[in-house]
Each structure stands twice: as C-alpha cells, then as structure tokens.
Amino acid sequence: MKTDKKANPTIIVIFGGTGDLAKRKLIPAFYNLFIDGSMPEKFAIIGLGRTQLDDDAFRKKLYDGLNDFSRSGKPADDKWSTFNASISYFVSNIDDPAAYAELAKKLDGIDQQFGQRANRLFYMSVAPRFIEAVAVNLKQSGLAINADLDRIVIEKPFGHNTESAIALNKLLIDNFQEKQIYRIDHYLGKETVQNIIAFRFANALFEPVWNRNYIDSVQITVAEQVGVEERGGYYDSAGALKDMIQNHLLQLMCMIAMEPPVSFDAEELRNRKVDVLRAIQRLKPEEIHNNAVRGQYGQGWTEGKKVPGYREEPDVDPKSNTETFAAVKLNINNWRWQDVPFYLRTGKRMQDKNSSITIQFRPVPHSTFSQTQADSLSPNRLTINLQPQMDIRMRLIAKKPGLEMELHPAEMVFDYDSDKSSPEAYETLLLDAMLGDATLFMRSDQVEEAWKVITPIQEAWESRNSLDFPNYASGTWGPESAEALIARQGHTWAISAKAGK
Ligand code: BG6
C-alpha cells in the first residue's frame with residue numbers, strides 16, 4: 001500500500017501495551033505502514049502496562065509478534081532497527097494520576113525533540129472496566145486537551161447493552177469532544193468491506209435494482225472455524241450476539257442497505273448508516289423465538305482434528321449458557337426494504353471460515369423457457385465474498401453451448417484475491433485515525449442504535465437458559481434451528497451442507 005497521505009508527527013500511546021492486541025494487530029499494522037512509507041515522518045510509540053519491563057524487553061516481545069503475525073513476515077534487520085528506535089515502554093498503573101503526570105513529561109520531551117507539539121493518539125486496548133479511569137485521568141492530566149490534535153481510539157466491546165453503551169458514550173463525551181473519539185470496528189477497515197461502497201455507488205448498474213422490487217432477501221454470514229481459543233474468559237461473558245452481530249454484522253448490513261450518500265464524507269456516510277439502524281424493526285419479546293436462534297458448539301472435528309466442546313474450553317463455565325452461534329432475521333422498515341428479510345448468521349467452530357454477503361434477486365416475472373429447457377432456473381444472485389475468498393460473483397442464467405436451447409447457471413467473477421499486497425484492516429484504520437479521518441469509525445449514535453436492535457434479543461436469551469446446549473457439533477454449519485429460521489419464508493442458507501459448501 002502506498003498513499004500520499006501523511007499524518008503530522010504523532011505520538012501513539014497504547015494502554016494495554018503488553019496485551020495480545022498490541023502484539024498481534026497494532027504493532028504489525030504500524031510496522032507495515034512504516035515499511036510502506038505511510039507513517040508520519042516523525043513518530044513515537046509508547047506501550048503502557050503494569051508489567052515490569054525495560055524498553056528492550058518490550059521491543060523483543062513486539063519483534064516476536066511481528067514474526068508471528070505480520071503480513072510482511074519477519075522484519076528486515078535495517079527496517080526493524082529504525083522502527084524499534086521509536087518504541088518505548090512505560091511502566092504504569094492506569095488508575096494512578098501520578099502516572100499520567102509522568103507520562104505528560106515524557107510526551108513533552110518527545111514534542112521538544114520533534115520541535116513541535118505532536119498529534120497524540122491514545123489507544124485504549126484495555127478491558128472495559130479500565131476505560132473510565134483512563135478517560136478521566138487523561139482529561140484531568142490535560143494530556144488530550146487539544147481537540148484538533150489529540151485522539152482516543154477505543155476498542156470493542158463498547159458497552160454490553162443499550163444502557164451501558166449510552167453511559168460509556170456519556171463518560172467519553174464528558175471528557176473529550178466527539179470528533180476526538182474513534183470507536184473502532186475492524187470490519188470497516190477490511191478491503192472487501194470498503195469495496196461494498198465503491199461497488200454500490202460508483203456503478204450505475206446496481207442502484208435501479210437495489211430494492212424490494214428486485215431483491216428477495218439478503219444473507220450475511222460470518223463463519224469461523226476457530227473456537228474461542230485463549231479468550232474463553234472474555235467470550236463467556238459476551239457470546240456471538242454481542243461479540244459479532246452487534247458490531248460487525250450490523251455494520252455490513254448497513255453498507256448493503258444504506259441510501260446513496262451525497263458525498264464520501266465521514267458525517268454523511270455515518271448519517272446514512274445510522275438511518276438503517278434506526279429503521280430496523282425492534283423485535284418484541286414474543287417475536288424473538290421465531291426470528292432469532294442461538295447455538296453452542298459441542299465436540300467435533302475441525303480439519304481432521306478432534307476438538308473439544310465450548311464448555312470444555314479453558315476459562316469457560318462448564319455449564320455455560322453462552323451462545324457461540326447466533327442467527328437473526330431482521331426487517332428494515334423503509335420504502336427500499338420493506339418485507340425484504342435480512343438474515344444475519346455467525347458462529348465459531350463452523351465447517352469453514354467464510355464471510356460473505358448474498359443478495360438473492362427475485363425470479364423473472366414470467367418464464368419464457370419450458371421446464372425441460374431450464375432445469376434449474378435459479379434466480380440471479382450476487383455474492384460478495386469478504387474473506388478468506390475475496391471476490392464478487394454474479395450468478396446469471398445462460399444458454400448451454402450446443403444445438404438445443406438449454407439453460408444453466410453461470411457465474412461472472414470479479415477476483416479481488418490477486419492483489420496480495422492489500423493492507424490489513426488495522427493498517428487502514430490506524431492510518432485514518434492518525435490522519436483524523438473518522439469515516440470508517442463508529443459514531444456514538446451508531447453504537448447506541450445497534451445496541452437497541454440487539455438488546456431485546458439478548459434480554460430474552462439471558463432470561464431463559466437454552467436447554468439444548470450444546471446443540472451443534474464442531475465442524476458443522478450450526479444448529480438445526482438455524483435452518484428452520486430461514487426456511488420459514490422459503491429460503492435456505494446459500495452456504496451450508498445442503499448447498500454443497
Ligand atoms: C472479533 C471478535 O471482533 O472479530 C472475535 O471478538 C472474532 O471473536 C474476530 O474471532 C473475527 O475477526 P476476523 O477479522 O478474523 O474475521
């Protein structure tokens with residue numbers, strides 16, 4: 001990735017510097033931006049944590065992380081030695097105001113070296129319970145006082161229901177200006193996800209048919225093969241609905257369903273997306289059963305290996321009621337989408353890793369062809385494969401070559417996969433945050449509206465334990481009830497055992 005955009009000199013402060021996110025995602029992203037020439041001319045990265053480490057030990061940890069997780073692999077010695085000279089570690093207790101006074105001295109010292117007041121990017125990669133302490137201390141110490149230069153990046157989970165998300169927004173707004181707050185949803189930084197906007201709004205072809213007159217239904221699947229890995233402690237208090245649907249899947253839904261924005265401007269785009277969230281019909285308690293299903297994986301097989309059930313994973317309650325699979329049917333109450341079901345589905349330990357969006361078009365109004373000519377006159381279908389396959393496929397019906405007029409489905413494919421140098425989501429998002437471009441970040445109202453969609457389902461599930469957990473075997477496409485959910489309106493999952501995937 002090469003971009004002409006360069007941020008002003010920037011100091012990046014990572015709260016949770018010794019954590020997993022810094023090692024797996026943040027440092028590899030900054031490093032790749034650096035080798036691509038996209039980091040600011042002058043920058044410093046400060047990792048904050050309680051662990052006693054010196055700068056060298058901290059750098060070594062990050063170096064190992066780069067080895068394991070960077071898309072560019074093992075760092076070249078010369079690049080690494082230049083890059084790592086900008087990294088330092090700061091032992092601190094984030095509850096302690098004195099630590100912020102010390103940090104202030106350090107930041108002032110760097111400003112002096114840079115010869116100017118640098119931008120400051122404070123990255124909150126900490127458990128939710130620490131956010132208040134960090135926000136209040138940043139404010140009181142005056143470290144993030146310049147609303148034009150100082151930014152706060154905040155990771156999910158952003159609250160755990162509508163009420164807590166509103167409270168968290170209030171806490172942040174009491175301490176910073178909205179334009180300083182960058183709520184990250186890493187799906188929005190994915191190349192293929194950004195391409196949805198280009199695809200929909202830079203082509204005249206789709207808009208005329210992008211509505212209830214031509215579209216029958218939409219499916220969004222984010223299936224993972226992995227289980228909860230080492231995150232059982234966090235995941236057991238979250239679950240698939242909060243971990244994935246409230247943020248990533250609803251954001252994908254917004255991109256498919258939003259009205260054409262007037263410009264590619266942060267506020268405009270976010271306004272159009274929040275319109276979708278507002279228009280999603282809230283499910284009433286008595287409607288949940290027919291419109292939302294949950295699942296939990298049991299033992300099974302993944303890529304030829306026997307894997308444990310969710311309740312046997314480390315740090316998970318052996319009687320856990322947490323869902324590792326969720327599927328919901330949502331309706332959007334507006335002119336464009338009335339009565340078009342949107343099926344959202346996500347799960348861990350599923351048969352394959354697959355994130356895709358399927359736009360199912362309506363059948364032709366009248367069939368010119370006889371049944372024998374057209375065995376399977378399947379209606380047109382547009383599939384946007386987000387990962388790991390990255391392409392867009394249009395299923396058309398075409399004539400089979402030969403003497404007879406016989407029809408069969410054919411696919412037109414736009415392949416994204418050929419470009420292996422695509423930046424990772426975190427690269428795009430961190431660069432945008434350094435540049436002060438909030439287009440791909442969540443605004444407070446988006447987060448709150450998304451919670452309003454999810455909270456009724458969550459409350460219904462929390463109030464009644466699921467009696468059939470675990471209800472799907474690892475390595476399958478989820479519980480039977482998810483098939484029933486989509487079958488109610490005569491649909492089937494495009495990616496499923498039946499569909500041959
Ligand atoms: C995270 C979730 O937000 O997204 C994880 O907390 C999930 O549980 C991950 O595994 C999936 O992200 P990606 O980019 O691998 O699809």
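One-based numbering, in listed order, for ligands and for the atoms of each.
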*Pick from E224, K25, K353: the one approaching atom 11 (C) of ligand 1 most closely through a non-hydrogen atom*: E224
Provide the number and element of each atom of ligand 1 under 4.0 Å from a heavy atom of [X].
X    : value
K348 : 5 (C), 7 (C), 8 (O), 10 (O)
Q387 : 13 (P), 16 (O)
K190 : 13 (P), 14 (O), 16 (O)
H186 : 1 (C), 3 (O), 4 (O), 12 (O), 13 (P), 14 (O)

Does the pair [X]/[Y] count as a salt bridge with the N-to-O cut at 4.0 Å?
X    : Y    : result
K319 : D317 : no
E155 : R183 : no
R336 : E259 : yes
R272 : E268 : yes
R71  : D36  : yes

_Taking atom 16 (O) of ligand 1 as the reference point, the nearest protein heavy atom with its distance_ = Y187 OH, 2.4 Å
*Heteroatom distance test (D243, ligand 1): nitrogen or oxygen, under 3.5 angstrom*: yes
*asked:* I want to know if ligand 1 touches K156 in the polar sense, i.e. an N/O pair below 3.5 angstrom.
replied: yes
*asked:* So, taking the atom named CG in N465 and the one named CG in N321, what distance separates them when rounded to the nearest 0.5 Å?
replied: 3.5 Å
